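All chains are named by letter (A, B, ...) in the order of the sequence lines, taking the proteins before the strands, and each is independently numbered beginning at 1. Model, not experiment: these values are computed from the prediction.
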There are 2 protein chains.
Amino acid sequence: MKLTMREIAKMAGVSVTTVSLVLNDKEARISQKQRTKIKEIARKNNYVPNSSAVSLAKNESNTIGVVVPNISNPFYSSLIKAISNELSKRGYYSLIINSNDNHENEAKQVAKLVSRGVDGILLVPSNDLYAQGTDKVNTFLNSIDIPFVLVNADSDLDINQVNLDSFEGGYLATQLLIDNGHTDIAIVTGNKGFVNAETRLLGYQKALADNGLTIDPNLVFRAPYDLNGGYERIQQIQQTPATAIFFCSDLMLYGAVKQFNESKRNLFDHYSIIGYDDTFINEIFNPTITSVKQNVSQLGSEAVRVLYTALSSKLTINVKLDVTLNVRDSVKALD
Amino acid sequence: MKLTMREIAKMAGVSVTTVSLVLNDKEARISQKQRTKIKEIARKNNYVPNSSAVSLAKNESNTIGVVVPNISNPFYSSLIKAISNELSKRGYYSLIINSNDNHENEAKQVAKLVSRGVDGILLVPSNDLYAQGTDKVNTFLNSIDIPFVLVNADSDLDINQVNLDSFEGGYLATQLLIDNGHTDIAIVTGNKGFVNAETRLLGYQKALADNGLTIDPNLVFRAPYDLNGGYERIQQIQQTPATAIFFCSDLMLYGAVKQFNESKRNLFDHYSIIGYDDTFINEIFNPTITSVKQNVSQLGSEAVRVLYTALSSKLTINVKLDVTLNVRDSVKALD
DNA sequence: TTTCGCGAAGTAAACGGTTTCTTTTTAACT
DNA sequence: AGTTAAAAAGAAACCGTTTACTTCGCGAAA
């Protein structure tokens with residue numbers, strides 16, 4: 001059924017070298033006559049190279065490992081889509097791995113990928129890892145001894161990374177709220193140490209400070225970036241004088257919406273709301289929800305680009321991508 | 001850096017055969033003394049086998065290709081999560097491929113996976129393919145000459161497949177609407193030929209018939225399974241006497257919600273609504289949305305199980321999984 | 001003492017390509 | 001016609017494992 005180069009060589013009456021050279025379109029020698037003849041034979045028998053053999057011989061696998069915390073989270077799944085499309089465009093396969101936001105698992109999977117012989121890794125680290133502190137993060141990152149790029153999680157290390165500007169995201173969101181007259185602005189950011197949680201908070205604080213507003217620690221809430229996180233925090237926020245809430249994840253925001261719905265109230269009647277991630281669902285709500293828009297597909301393709309150059313060069317690249325606000329109707333001027 | 005079996009053999013003063021046998025825990029021969037010695041050396045230098053070489057020698061890759069129409073669609077991303085977790089549990093890697101719901105691309109990707117030497121394929125086919133008719137579907141499916149299982153798309157062919165009971169889904173949804181007193185029930189199913197579109201429609205028709213209701217072709221609408229599909233159809237549905245709408249995809253439903261929101265109306269005030277897929281977002285809406293719930297993670301793990309047995313056996317398995325209704329508040333009794 | 005059997009280990013041929021090096025062929029120039 | 005360089009093609013080593021087959025050595029049976 002499946003035929004090899006040797007067989008093609010036999011059919012064409014040439015050596016395997018010749019076949020290899022032709023089929024790989026190598027510049028070198030080989031008359032046009034042989035070229036077309038061999039290609040024709042290969043095409044007719046629809047020859048496909050055995051990629052294990054190619055990998056073994058060339059010592060590269062044309063495969064990139066992609067590790068994410070949770071494939072089914074809309075943010076990550078969009079990112080994966082962008083990454084795998086870009087990778088495939090460049091002739092690479094993607095081995096996608098779900099860490100389930102658990103570092104132990106994440107570490108094990110990375111090790112397996114390395115042993116598996118992937119050419120490089122795109123790592124979107126778990127919050128679980130980051131919550132364990134910088135030291136832990138650094139030792140882990142330093143232990144990866146093949147080309148990799150850290151995606152969507154700032155690191156002080158001199159490594160390849162591509163991030164979205166979370167500080168700017170926090171700043172823009174807060175500024176919009178302030179521009180609409182709000183002064184008591186609650187923020188629900190990620191848990192202590194969570195990826196991007198501190199940076200977004202910093203942006204929020206800077207915006208307040210720049211506008212001469214006081215930073216009230218009682219308005220700062222933390223939760224996991226998920227439905228339940230928002231569901232629980234919104235109950236505490238109601239004890240505060242906040243008139244606007246900045247959720248650092250749309251998912252948390254939805255959780256808050258749910259909590260209000262359950263008691264027959266409408267979250268948007270009580271608060272000006274801004275979310276983060278610009279999930280497509282935001283335009284379905286009434287009112288439509290304003291959210292910090294991250295260019296996820298750019299994040300994915302940049303990550304691939306950086307990894308690609310890292311594969312052949314030694315210098316490290318650090319990219320930070322701009323973030324914008326998708327202004328819709330959930331923020332209202334305070335009267 | 002990376003050491004090979006040969007080097008381990010040299011260190012231990014034995015042949016590579018011995019090392020291979022020991023490291024693979026083969027029953028055969030080899031004294032306990034050598035066993036522990038070799039294992040110790042391997043562990044100390046943390047030896048990892050070169051998987052290309054293993055693949056080449058054993059003619060298997062421990063890798064499964066997974067082809068889906070759109071990674072970022074919530075239904076597919078949940079499915080992928082289930083699949084890749086299950087696969088990883090069984091020691092397989094998953095090569096996930098996005099066909100972008102385009103058959104030409106899908107076919108190319110499948111061919112690449114085969115040439116890549118994956119052990120098997122989990123194929124969630126594109127609507128694009130199914131829309132091209134049964135003949136096209138069959139020739140394509142028949143052309144795949146490695147073990148594979150067709151996921152979430154019925155086929156008459158005698159091949160491995162695992163599906164969700166779409167007929168039952170259509171039936172249950174319609175019956176609920178009927179039980180609530182509705183007689184003019186619109187359905188928005190997938191475009192002609194789309195995966196599962198006909199079967200869900202059949203379920204709908206059977207439920208109407210079983211209840212002695214007439215089947216009004218003017219209440220049957222078709223659209224792609226996406227936001228825009230619903231957005232457009234809802235405008236036509238308003239010309240009909242329908243009091244209830246069965247959307248065969250939550251995404252279409254959201255599109256309809258959006259259309260109503262834009263004209264400051266609430267879809268749920270005008271219609272009893274039921275969706276399909278039970279997307280997590282449904283419980284965030286007000287009212288919460290009733291939807292046909294498919295056990296996606298079961299679908300994924302069953303698919304893997306079937307493929308796994310297909311890898312070592314010749315008989316084909318055809319699994320059909322039950323579907324349930326997640327009844328919430330979007331269906332109201334007609335008074 | 002020779003032979004047989006068996007456990008323990010080694011040899012070497014795959015697996016299907018890539019690539020370096022060497023050899024043959026062709027054609028161009030005295 | 002003879003020389004030579006370039007063009008075309010082949011031989012063989014190599015990538016790191018697996019595995020069928022062979023060999024070795026030693027104790028038990030004859």
Side-chain angles (χ1 to χ4, degrees), chain A residues 1-39 41-42 45-63 91 93 112 114-119 146, chain B residues 1-39 41-42 45-63 91 93 112 114-119 146:
Chain A
M1 181 78 251
K2 250 191 169 174
L3 82 178
T4 70
M5 276 199 167
R6 250 172 269 282
E7 309 183 75
I8 293 195
K10 194 155 292 170
M11 293 184 200
V14 300
S15 72
V16 290
T17 308
T18 305
V19 177
S20 172
L21 258 21
V22 169
L23 262 24
N24 287 305
D25 279 316
K26 290 281 161 92
E27 279 302 308
R29 59 196 202 175
I30 314 292
S31 60
Q32 201 50 51
K33 202 179 55 186
Q34 301 280 38
R35 281 209 129 85
T36 47
K37 178 175 167 192
I38 292 172
K39 283 199 171 174
I41 294 181
N45 303 66
N46 53 55
Y47 164 79
V48 282
N50 176 313
S51 50
S52 303
V54 178
S55 291
L56 179 58
K58 306 219 297 192
N59 191 33
E60 57 179 48
S61 60
N62 258 260
T63 304
Y93 291 92
K112 277 179 71 179
V114 173
S115 95
R116 220 271 179 169
V118 296
D119 295 340
I146 64 170
Chain B
M1 182 79 250
K2 249 191 169 173
L3 80 179
T4 71
M5 276 200 169
R6 248 178 271 284
E7 308 183 76
I8 293 194
K10 194 156 292 171
M11 291 185 202
V14 300
S15 73
V16 290
T17 304
T18 305
V19 176
S20 172
L21 258 21
V22 168
L23 261 25
N24 287 307
D25 280 316
K26 290 281 161 91
E27 279 304 309
R29 56 197 204 175
I30 313 293
S31 59
Q32 200 51 51
K33 202 177 56 184
Q34 300 281 38
R35 281 209 130 86
T36 48
K37 179 175 166 191
I38 292 172
K39 283 198 172 176
I41 294 181
N45 302 67
N46 52 55
Y47 164 80
V48 282
N50 176 312
S51 48
S52 303
V54 177
S55 292
L56 179 58
K58 306 219 296 192
N59 191 31
E60 58 177 48
S61 60
N62 258 258
T63 304
Y93 290 92
K112 278 179 71 180
V114 173
S115 94
R116 221 270 180 172
V118 297
D119 295 339
I146 64 170

Applying side chain to side chain contact (heavy atoms under 4.5 Å, CB included), can you list everything that pairs with [X], at least two apart in sequence or on another chain?
X      : result
B/D119 : B/E60, B/S61, B/I64, B/Y92
A/N59  : none
A/S15  : A/T17, A/T18

Any residue meeting salt bridge (charged side-chain N to carboxylate O under 4.0 Å, His left out) with A/K39, in chain and number order, not counting sequence neighbours: A/D25
[options]: which one has an atom nearest the side-chain heavy atoms of [X]?
X     : options                : result
A/V16 : C/dT18, C/dA9, C/dG17  : C/dT18
B/S20 : D/dT18, D/dT17, C/dT19 : D/dT18
A/N50 : C/dG17, C/dT18, D/dG10 : C/dG17
A/A53 : C/dG17, D/dA9, D/dT18  : C/dG17
A/R6  : C/dG16, D/dT17, D/dT19 : C/dG16
A/K58 : C/dT18, D/dG16, D/dT18 : C/dT18
B/V54 : D/dG10, D/dT18, C/dT19 : D/dT18

Base D/dT18 to side chain B/T17, donor-acceptor N/O within 3.5 Å cut-off: no
Between the first and last five pairs of the helix from C/dT1-D/dA30 to C/dT30-D/dA1, the angle of the axes, rounded to 10 degrees: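 Result, rounded to 10 degrees: 70°.
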Residues 4-12 of chain B, side-chain donor-acceptor partners within the protein, below 3.5 Å, at least two apart:
{"unit_1": "B/T4", "atom_1": "OG1", "unit_2": "B/R6", "atom_2": "N", "d": "3.2"}
{"unit_1": "B/T4", "atom_1": "OG1", "unit_2": "B/E7", "atom_2": "N", "d": "3.4"}
{"unit_1": "B/E7", "atom_1": "OE2", "unit_2": "B/T4", "atom_2": "N", "d": "3.0"}

Touch class at under 4.0 angstrom, heavy-atom based, for B/G117 against every strand present: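 Here B/G117 touches no strand at all.
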